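Remember, it's a predicted structure, so these values are computed and weren't measured experimentally. Below, read A as the first sequence line, B as the second, and so on, with proteins coming before strands; counting in each chain starts at 1.
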Protein chains: 2
Amino acid sequence: MPLTPHRSLLKTMELFADLDEASLDDVLQAGHVRRLPKDMLVLAQGDPAISCHALIDGRIKISQVTPDGAQVVIRYLGPGQMYGTVAVLMGIPLPADAIAVVDSVEMHWTAAAMAELIERHPRIALASNRITGGRLVDLQARLREIATERVDRRLARALARLAEQAGRPSGDGIEIDFPITRQELGEMIGTTLHTVSRTLSAWEEQGIVESSRRRIVVRDLEALTLLAEGSASGS
Amino acid sequence: MPLTPHRSLLKTMELFADLDEASLDDVLQAGHVRRLPKDMLVLAQGDPAISCHALIDGRIKISQVTPDGAQVVIRYLGPGQMYGTVAVLMGIPLPADAIAVVDSVEMHWTAAAMAELIERHPRIALASNRITGGRLVDLQARLREIATERVDRRLARALARLAEQAGRPSGDGIEIDFPITRQELGEMIGTTLHTVSRTLSAWEEQGIVESSRRRIVVRDLEALTLLAEGSASGS
DNA sequence: CGCCGGGTTGAGCTGAGTCAATCGACGTGG
DNA sequence: CCACGTCGATTGACTCAGCTCAACCCGGCG
């Protein structure tokens with residue numbers, strides 16, 4: 001993780017994917033690289049949105065706090081994904097917290113710099129549209145799931161998604177490559193850590209997953225997907 | 001509702017809000033006006049997205065069907081709001097159905113025409129970003145609500161929102177200006193029509209709402225808002 | 001006049017939340 | 001290197017919000 005990244009790095013980001021080399025250099029010039037130590041609160045819900053961020057390495061958790069203190073995890077993101085951008089483009093306060101869950105490296109731009117970049121490279125605006133649209137569609141799907149499906153199915157789906165997005169092959173399965181607690185899992189799917197723990201224990205007996213403190217290995221992704229999609233229970 | 005609307009109409013639409021007169025005429029030229037009879041399925045989930053739509057008059061319901069047949073109402077929209085746009089910009093199949101819940105009038109553009117308009121008037125792309133971003137933020141809030149709050153509170157919130165967005169003053173309260181069933185209310189907040197019916201009955205006793213077949217009048221918006229925001233129950 | 005779509009209401013069940021006790025693994029400081 | 005404190009996980013017992021099943025009502029329309 002070099003502190004002066006190459007433009008090829010930006011190419012992996014959807015927002016800049018369709019820019020030519022010169023434009024990428026322009027974007028690179030305008031941004032700053034920074035280390036984010038584990039547990040750092042990178043963006044705080046309610047603060048004015050004054051910067052756009054792109055994760056280069058590591059893992060960031062985006063979560064909201066409800067007025068009465070309950071947490072909801074909106075999403076986890078990995079290298080190449082951007083955050084804090086929507087609020088900047090809209091000129092509204094940040095709708096959520098962003099926290100580094102492992103030591104990470106990011107690139108960031110001031111709101112003004114990003115505005116200029118968009119001015120100079122209008123394709124960025126189109127890409128932004130695509131990205132936001134994609135997230136909108138995802139969120140609609142999640143809304144549908146949480147409104148209609150049982151906890152165990154939602155958990156299965158969440159784990160399958162995590163395995164796909166943040167999975168590292170690990171001997172006898174796919175390991176989620178960052179530490180995650182039962183609590184956080186619960187906050188992702190709208191349930192309590194207790195229910196998550198119970199469900200996970202049951203699945204562990206069936207050899208579908210394996211877990212320990214802050215660590216989860218998916219042993220049988222197929223079974224998990226079946227639980228997520230399958231119509232009925234699965235005694 | 002004339003079939004050849006004036007450009008001032010477009011000005012009320014966020015997507016075109018910051019265009020000058022000439023540009024508005026250009027947009028107007030490129031579009032088509034159409035009547036939508038009540039119950040018409042305007043867009044069908046899964047179909048390719050080949051057009052952008054703007055509602056001029058009436059009311060449209062956007063809803064998804066889950067694989068196993070359950071419905072989820074994503075949102076209702078009124079005059080000035082656009083739909084079907086995100087999928088076009090992203091080149092993906094339509095993620096939801098759009099149904100006219102009353103006789104309506106819309107304007108629509110082919111995907112190609114819209115692409116040209118954006119080319120000629122780049123501000124549209126920025127506005128689109130803002131709109132999509134706004135919806136994203138809204139959806140996140142809804143996700144949080146549905147994941148953490150009780151049914152009665154969610155219902156209170158949904159009704160308050162409807163009263164605000166689609167309320168028509170009516171003698172002794174605010175009437176939702178389009179027909180809506182208990183079933184649909186349930187699909188908006190992720191519950192069954194039975195629970196909605198019971199809750200509504202209780203509120204009717206307390207004089208907070210008044211309802212009959214497909215018709216709802218909010219009599220005491222303040223009490224409703226209190227139920228939505230207030231910390232505890234409300235014996 | 002009879003049908004049908006929407007609404008109401010009761011009875012009972014159960015998934016999942018709450019409360020509570022216990023355990024085990026880290027990490028830290030003495 | 002060990003003892004202790006803390007944070008996360010597990011598990012049991014109990015409770016209850018809200019779902020399911022079911023019967024019935026009402027009003028508009030053909």
Measure the distance from [atom1] on [X] to [atom2] on [N] and round it to the nearest whole Å.
X        : N      : atom1 : atom2 : value
A:Gln71  : D:dG8  : CD    : P     : 12 Å
B:Arg214 : C:dC4  : CZ    : C1'   : 13 Å
A:Leu200 : D:dT10 : CG    : C1'   : 11 Å
A:Leu155 : C:dA16 : CG    : P     : 11 Å
B:Trp203 : C:dT8  : CH2   : P     : 13 Å
A:Arg154 : C:dG17 : CZ    : P     : 8 Å
B:Ile146 : D:dG18 : CD1   : C1'   : 14 Å
A:Arg150 : D:dT20 : CZ    : C1'   : 10 Å

Would you mind checking if [Y] and [X] are paired as a salt bridge, meaning a charged N to carboxylate O distance below 4.0 Å?
X        : Y        : value
A:Glu145 : A:Arg161 : yes
B:Arg219 : B:Asp172 : yes
B:Arg157 : B:Glu229 : yes

Taking DNA chain C as the partner, which of residues 181-198 of chain B come within under 4.0 angstrom of it by heavy atom? B:Thr181, B:Arg182, B:His194, B:Ser197, B:Arg198
Could you tell me the separation between the CG atom of A:Leu159 and the CH2 atom of A:Trp203, rounded to the nearest 0.5 Å? 6.0 Å
Would you say the side-chain atoms of B:Gln64 pair up with the backbone N or O of B:Ile74, donor to acceptor, closer than 3.5 Å? no
Distance-only, no hydrogens or angles: does the A:Arg154 side chain make a donor-acceptor pair with backbone N or O of A:Ile189 under 3.5 Å?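 Yes, A:Arg154 side chain to A:Ile189 backbone: donor-acceptor pair under 3.5 Å.
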Residue among A:Thr85, A:Thr110, A:Leu15 satisfying side-chain contact (heavy atoms from CB on, under 4.5 Å) with A:Cys52: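 The residue from A:Thr85, A:Thr110, A:Leu15 that satisfies side-chain contact (heavy atoms from CB on, under 4.5 Å) with A:Cys52 turns out to be A:Thr85.
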Do any side-chain nitrogens or oxygens of B:Ser201 fall under 4.0 Å of OP1 or OP2 in C:dG7?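 No, outside the criterion.
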Minimum-distance nucleotide (side-chain atoms of A:Arg213 versus C:dT9, C:dA25, C:dA16): C:dA25
Any ring-ring contact (aromatic ring centres under 6.0 Å, His included) pairs touching residues 131-163 of chain B, not counting sequence neighbours? none
Parallel, tilted or perpendicular: rings of B:His108 and B:His32 (30°, 60°): tilted
Five-pair end axes of the helix from C:dC1-D:dG30 to C:dG30-D:dC1, angle between them (10°): 30°
